[in-house]
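Worksheet: the structure to be examined is printed underneath.
Only heavy atoms go into these numbers, but all of them, side chains included; no hydrogens, no water, no symmetry mates. Atoms within a ligand are numbered from 1 in the order they appear, just like the ligands themselves.
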Amino acid sequence: MKYLALALLLCVLTSLSNAQCLFKVRKPDTENQTHCQDGVDLTWHPKETKWRNSVCQDCTCDQCFYGYSTPWKFPKDCVSMFDPKACRYVIHKKDDPSVLCPVFAAVGK
Ligand SMILES: *[C@@H]1O[C@H](CO)[C@@H](O)[C@H](O)[C@H]1NC(C)=O
């Protein structure tokens with residue numbers, strides 16, 4: 001989880017101008033003629049299909065995208081919390097989690 005956060009941070013820092021942040025998770029030895037394996041879940045998927053894995057990546061056999069946007073510009077008195085169930089970030093006030101904050105910019109979809 002620590003490494004995922006680091007990868008996300010690097011991704012945000014290096015791709016502010018890109019619409020999407022790309023991670024390749026497929027390893028070369030985890031495919032056969034008809035299927036490939038999700039590098040995170042170790043599940044097998046037919047080629048030419050898309051799936052969402054347990055860390056919210058939208059994958060094909062070629063690559064995985066993070067299926068959510070990463071907010072990087074929001075008011076200073078707010079914090080971002082990742083909701084793994086909804087696969088998205090929720091930004092709320094530091095001192096009051098029930099007050100949501102506006103996001104000025106996000107990386108991703
Ligand atoms: C490829 O791997 C999948 C999942 O293990 C298996 O169902 C499929 O039969 C395999 N296909 C070939 C051509 O080996």
Side-chain angles (χ1 to χ4, degrees):
M1 221 38 210
K2 199 173 164 190
Y3 291 110
L4 180 64
L6 184 64
L8 262 181
L9 182 67
L10 288 175
C11 177
V12 169
L13 292 177
T14 54
S15 67
L16 290 182
S17 57
N18 293 343
Q20 261 173 339
C21 196
L22 266 177
F23 282 95
K24 289 203 173 201
V25 298
R26 180 171 69 83
K27 299 188 198 95
D29 58 334
T30 51
E31 69 176 312
N32 62 21
Q33 266 141 31
T34 56
H35 288 68
C36 58
Q37 191 180 29
D38 186 293
V40 177
D41 291 352
L42 306 182
T43 49
W44 287 88
H45 303 269
K47 288 184 178 176
E48 317 297 330
T49 61
K50 280 186 136 188
W51 67 93
R52 171 167 283 191
N53 69 19
S54 60
V55 292
C56 299
Q57 292 171 334
D58 289 321
C59 295
T60 64
C61 283
D62 290 326
Q63 63 206 2
C64 288
F65 297 91
Y66 276 96
Y68 52 84
S69 58
T70 306
W72 55 277
K73 213 172 166 190
F74 48 82
K76 281 203 166 52
D77 59 337
C78 299
V79 287
S80 74
M81 298 280 298
F82 186 65
D83 180 348
K85 284 206 195 89
C87 285
R88 65 193 186 95
Y89 279 93
V90 177
I91 318 291
H92 62 73
K93 292 268 190 210
K94 272 179 189 156
D95 49 11
D96 186 355
S98 68
V99 179
L100 298 180
C101 297
V103 176
F104 303 136
V107 178
K109 283 181 192 172

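Put simply, the side chain of Thr34 does not reach to within 4.5 Å of the side chain of Lys47, judged on heavy atoms. Side chains of Ser80 and Phe74 form a contact here, defined as non-hydrogen atoms less than 4.5 Å apart.
Using modelled atom types and a 3.5 Å distance limit, the side chains of Trp51 and His45 yield a donor-acceptor pair. The closest side-chain donor-acceptor pair between Asn53 and Asp41, if any, does not fall under 3.5 angstrom.
We find that Lys50 and Asp58 are not joined by a salt bridge, their nearest charged nitrogen and carboxylate oxygen being 4.0 Å or further apart.
Contact residues of ligand 1 (protein heavy atom closer than 4.0 angstrom to a ligand atom; sorted by chain and number): Asn32, Thr34, His35, Trp44.
Atom SG in Cys64 sits 4.5 Å away from atom CD in Gln57 (nearest 0.5 Å).
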